[in-house]
Asks: 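Pasting a structure here, questions to come.
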Amino acid sequence: MSSNEISSLIEEKNVLRLAIQKSGRLHDDSMKLLKECGIDISNGINKLKSEAANFPIELYFLRDDDIPQYVEDGVADIGFVGENVVFEKKKSVEITEKLGFGKCRLSFAVRKGEEFGGATSLQGKRIATSYPVLVQDYLDKYNVKADIQEISGSVEIAPGIGLADVICDLVSSGSTLFMNGLKEADVILQSQAVLITNQNITPIKRAILESLIFRIQAVRKAKNNKYVLMNAPNEALPEIEKLLPGMKSPTILPLAVEGWSSIHVVLSETQFWEIVQDLKKLGAEGILVLPIEKMVL
Ligand SMILES: Nc1ncnc2c1ncn2[C@@H]1O[C@H](COP(=O)(O)OP(=O)(O)OP(=O)(O)O)[C@@H](O)[C@H]1O
Ligand SMILES: O=P(O)(O)OC[C@H]1O[C@H](OP(=O)(O)OP(=O)(O)O)[C@H](O)[C@@H]1O
Ligand SMILES: [Mg+2]
């Protein structure tokens, strides 16, 4: 989308309405991603709505549980929300893009001293959770009947106060379970934040969305890759080149010192660690690793 098209859409107020979490685990990462996409949003304290100055997008700040409903109804065109909420709410929305933050899992947990004997051991148990639909789906899959106690927060306290025998809640580091004398027993869903879309958005809004996704993908690709520079003696170049994937091929430039070259290459973090010792063995030195801000392939 050209800058002229962007300006006229903003002027006509033909904007994509994006719902994000007002406050909580996903708020800061959602705002950060938009900023990294070059979208300039002034978020006044306690404002429930905000417009971008340089991109045809408007933000609604909402409770995360409400976002799938708003997107299904078309009150918002798109939303950033956890997959856990999308699957729990079962609304008719399209999951358009994974966003790479808000990574967690929905797991059963039991008291530290207890053994978890699999799905069938839940028969007749009281299970506290904020995800009754996903827990019921799991129980149905194994033909198990249990008593689901729906609570909206502080689920980990339930076994300690005699409200439930087992819980099913979100886990990331596991420290909340640990602090409440519980241990993770079985993972039923892996989750991260996703971009969801209303199924009937107009072609103009679809074009704005594609432009947004293009930016999100450029930011995410860049995060997974590093720009690596190193110096190496020329006789080692053929062997070093074999180790390096690069975007097309590595860039090799002569150094001012006779017989030496500077090598520039884009590598994923994993690739870097896999080959760095071999690079050193082949004579590479002065290896620098730099972050990449955006990457368009
Ligand atoms: N420990 C965690 N680590 C990473 N992501 C998490 C974690 N806990 C939750 N999330 C993700 O962040 C989302 C929002 O979590 P949060 O705890 O802020 O929700 P909430 O209390 O329901 O907020 P709201 O007030 O908007 O209803 C979750 O639905 C999940 O996708
Ligand atoms: O495994 P951990 O890293 O400890 O994270 C898990 C906790 O994070 C979430 O709650 P959050 O802290 O967002 O607070 P909330 O219960 O108020 O939503 C979730 O509901 C767990 O309680
Ligand atoms: Mg919520």
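We use all heavy atoms of the structure for the numbers below, so side chains are in, but hydrogens, waters and symmetry mates are not. Note that ligands are numbered from 1 as they come in the structure, with each ligand's atoms numbered from 1 the same way.
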Asks: On a heavy-atom basis, which atom in Ile10 and which in Asn54 lie closest, and how many Å separate them?
Replies: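 In this case the closest contact between Ile10 and Asn54 is CD1-C, 3.6 Å.
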Asks: Within ligand 1, which atoms have a heavy atom of Gly82 less than 4.0 Å away?
Replies: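 Close to Gly82: 31 (O).
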Asks: Of all the atoms in ligand 1, which lie at a distance below 4.0 Å from a heavy atom belonging to Gly24?
Replies: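 Here the atoms of ligand 1 in question are 18 (O).
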Asks: Using 4.0 Å as the upper bound for N to carboxylate O, is an ion pair formed by Lys226 and Glu269?
Replies: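 Salt bridge flag = yes for Lys226 with Glu269.
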Asks: Can a salt bridge be assigned to the pair Lys294 and Glu36 using a cut-off of 4.0 Å between side-chain N and carboxylate O?
Replies: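 Looking at Lys294 and Glu36, the cut-off is not met.
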Asks: Would you mind checking if Glu94 and Arg206 are paired as a salt bridge, meaning a charged N to carboxylate O distance below 4.0 Å?
Replies: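 Salt bridge flag = yes for Glu94 with Arg206.
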Asks: Could you tell me which atoms of ligand 1, counted from 1 in the order shown, lie closer than 4.0 angstrom to a heavy atom of Val85?
Replies: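 With Val85 as reference, the close atoms of ligand 1 come out as 29 (O).
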Asks: For atom 6 (C) of ligand 2, what is the nearest protein heavy atom, given as residue, atom name and distance?
Replies: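 In this structure, atom 6 (C) of ligand 2 has Leu170 O, 3.4 Å as its nearest protein heavy atom.
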Asks: Can you classify the ring geometry of His27 versus Phe61 as parallel (below 30°), tilted (30 to 60°) or perpendicular (above 60°)?
Replies: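 His27 and Phe61: tilted rings.
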Asks: Answer yes or no on whether Lys22 is positioned over the face of Tyr60, meaning its NZ or CZ is under 6.0 Å from the six-membered ring centre and within 45° of the axis.
Replies: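 No; the conditions do not both hold, so Lys22 does not lie above the ring face of Tyr60.
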Asks: Among Ile67, Asp29, Thr176, Asp64, which one puts a heavy atom closest to atom 22 (O) of ligand 1?
Replies: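 Looking at heavy atoms only, the winner is Asp64.
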Asks: Could you tell me whether some N/O pair between Ser172 and ligand 2 is separated by less than 3.5 angstrom?
Replies: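 Yes - when backbone and side-chain N and O of Ser172 are compared with those of ligand 2, one distance drops under 3.5 Å.
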Asks: Within a distance under 4.0 Å of any heavy atom of Gly102, pick out the atoms of ligand 1 and give their elements.
Replies: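 Under 4.0 Å from Gly102, ligand 1 has these atoms: 4 (C), 5 (N).
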Asks: Quick one: look at Arg25 and ligand 1, take heavy-atom pairs under 4.0 Å, and tell me if it's side chain, backbone, both or neither.
Replies: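 The part of Arg25 near ligand 1 is both the backbone and the side chain.
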Asks: Closer than 4.0 Å to some heavy atom of Val171 - which atoms of ligand 2 meet that?
Replies: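 Counting from 1, the qualifying ligand atoms are 1 (O).
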Asks: Quick one: report the N, O or S atom of Asp64 that is nearest to the Mg ion (ligand 3).
Replies: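 It is OD1, the N, O or S atom of Asp64 closest to the Mg ion (ligand 3).
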Asks: Please determine if Gly174 has a nitrogen or oxygen closer than 3.5 Å to a nitrogen or oxygen of ligand 2.
Replies: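 Checking ligand 2 against Gly174, an N or O pair does fall under 3.5 Å apart.
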Asks: Find all atoms of ligand 2 within a distance of less than 4.0 Å from any non-hydrogen atom belonging to Glu156, and give their numbers and elements.
Replies: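 Result: 21 (C), 22 (O).
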Asks: Which protein heavy atom lies closest to atom 16 (O) of ligand 2, and at what distance to 0.1 Å?
Replies: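 Among all protein heavy atoms, the one nearest atom 16 (O) of ligand 2 is Ser154 N, 4.3 Å.
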Asks: Would a search of protein heavy atoms around atom 1 (O) of ligand 2 find one under 4.0 Å away?
Replies: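 Yes; the ligand atom in question has protein heavy-atom contact below 4.0 Å.
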Asks: Nearest protein heavy atom to atom 9 (C) of ligand 1, by residue and atom, and its distance?
Replies: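 Minimum-distance protein heavy atom for atom 9 (C) of ligand 1 reads Leu170 CD1, 3.5 Å.
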Asks: Below 4.0 Å, non-hydrogen atoms only: which portion of Lys103 touches ligand 1? Side chain, backbone, both or neither.
Replies: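 The answer is the backbone of Lys103.
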Asks: Please list, in number order, the atoms of ligand 2 under 4.0 Å from a heavy atom of Ser173.
Replies: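 Going through ligand 2 atom by atom, the ones under 4.0 Å from Ser173 are 1 (O), 2 (P), 3 (O), 4 (O).
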Asks: Looking only at protein heavy atoms, which one is nearest to atom 10 (N) of ligand 1, and what is the separation?
Replies: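 Protein heavy atom with the smallest distance to atom 10 (N) of ligand 1: Cys104 SG, 3.8 Å.
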Asks: Quick check on Gly153 - does any of its heavy atoms sit under 4.0 Å from an atom of ligand 2?
Replies: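 No; Gly153 lies far enough from ligand 2 that no heavy-atom distance drops under 4.0 Å.
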Asks: Parallel, tilted or perpendicular, judged at 30° and 60°: which one describes the rings of Phe108 and Tyr138?
Replies: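 It falls in the tilted class, 30° to 60°.
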Asks: Might you check, step by step, whether the distance between atom 11 (P) of ligand 2 and some protein heavy atom is under 4.0 Å?
Replies: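 So atom 11 (P) of ligand 2 has protein heavy-atom neighbours under 4.0 Å.
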Asks: Hey, which atoms in ligand 1 end up nearer than 4.0 Å to a heavy atom of Asn84?
Replies: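 In order of numbering, the contacting atoms are 28 (C), 29 (O), 30 (C), 31 (O).
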Asks: Relative to the heavy atoms of Arg25, which atoms of ligand 2 are at a distance of less than 4.0 Å?
Replies: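 Once the distances to Arg25 are compared, the set is 5 (O), 8 (O), 11 (P), 12 (O), 13 (O).
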Asks: Side chain, backbone, both or neither: which part of Asp169 has a heavy atom under 4.0 Å from ligand 2?
Replies: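 Looking at Asp169 and ligand 2, just side chain atoms fall under 4.0 Å.
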Asks: Out of Arg63, Gln21, Glu83, whose heavy atom sits nearest atom 23 (O) of ligand 1?
Replies: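 Considering heavy atoms of Arg63, Gln21, Glu83, the nearest to atom 23 (O) of ligand 1 sits in Gln21.
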Asks: If the threshold is 4.0 Å, N to carboxylate O, is there a salt bridge linking Lys205 and Glu210?
Replies: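 A salt bridge is absent here (no side-chain N lies under 4.0 Å from a carboxylate O).
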Asks: With a 4.0 Å cut-off, would you call Lys125 and Asp165 a salt bridge?
Replies: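 Between Asp165 and Lys125 there is no salt bridge, as every charged N stays at least 4.0 Å from the carboxylate O atoms.
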Asks: Counting from 1, what ligand 1 atoms have a heavy atom of Ser172 closer than 4.0 Å?
Replies: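 Matching atoms, with element in brackets: 1 (N), 2 (C), 3 (N).
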Asks: Kindly indicate whether atom 20 (O) of ligand 2 is approached by any protein heavy atom to under 4.0 angstrom.
Replies: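 Answer yes: something from the protein, a heavy atom, is under 4.0 Å.
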Asks: Between Ile213 and Thr96, what is the shortest heavy-atom contact and its length?
Replies: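 So the two residues come closest at CD1-CG2, 3.4 Å.
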Asks: Output the list of atoms in ligand 2 that are nearer than 4.0 Å to some heavy atom of Thr176, sorted by atom number.
Replies: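 Those atoms are 2 (P), 4 (O), 5 (O), 6 (C), 7 (C), 22 (O).
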Asks: Taking all heavy atoms of Leu255 and all of Ser262, pick out the closest pair and write down the distance.
Replies: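 Smallest heavy-atom distance, with atoms named: CD2-CB, 3.7 Å.
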Asks: Examine the side chains of Asn225 and Ser268 and answer whether a donor and an acceptor come within less than 3.5 Å of each other.
Replies: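 There is no such pair between these side chains.
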Asks: Testing the basics here: between Ala193 and Leu26, what is the closest heavy-atom pair and its distance to 0.1 Å?
Replies: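 Of all heavy-atom pairs spanning Ala193 and Leu26, the closest is CB-CD2, 4.3 Å.
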Asks: Does the protein come close to atom 14 (O) of ligand 2 - that is, does one of its heavy atoms sit below 4.0 Å from that atom?
Replies: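 Given the 4.0 Å limit, the answer for atom 14 (O) of ligand 2 is no, no protein heavy atom qualifies.
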Asks: Quick one: do the Glu88 and Asn84 side chains pair a donor with an acceptor below 3.5 Å?
Replies: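 On atom types as modelled, these side chains do not qualify, holding no pair under 3.5 Å.
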Asks: With a 4.0 Å cut-off, would you call Lys89 and Glu72 a salt bridge?
Replies: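 Not counted as a salt bridge, because no side-chain N and carboxylate O are separated by less than 4.0 Å.
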Asks: If you consider just the N/O/S atoms, which atom of Asp65 is the closest one to the Mg ion (ligand 3)?
Replies: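 Nearest to the Mg ion (ligand 3) within Asp65's N, O and S set: OD1.
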Asks: Name the residue from Gln192, Glu184, Gln190 that meets the side-chain hydrogen bond (donor to acceptor under 3.5 Å, both in side chains) definition with Arg105.
Replies: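 It is Glu184, the one option of Gln192, Glu184, Gln190 that forms the side-chain hydrogen bond (donor to acceptor under 3.5 Å, both in side chains) with Arg105.
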Asks: Quick one: are the ring centres of Phe87 and Tyr131 less than 6.0 Å apart?
Replies: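 No, the ring of Phe87 stays outside the 6.0 Å limit from the ring of Tyr131, centre to centre.
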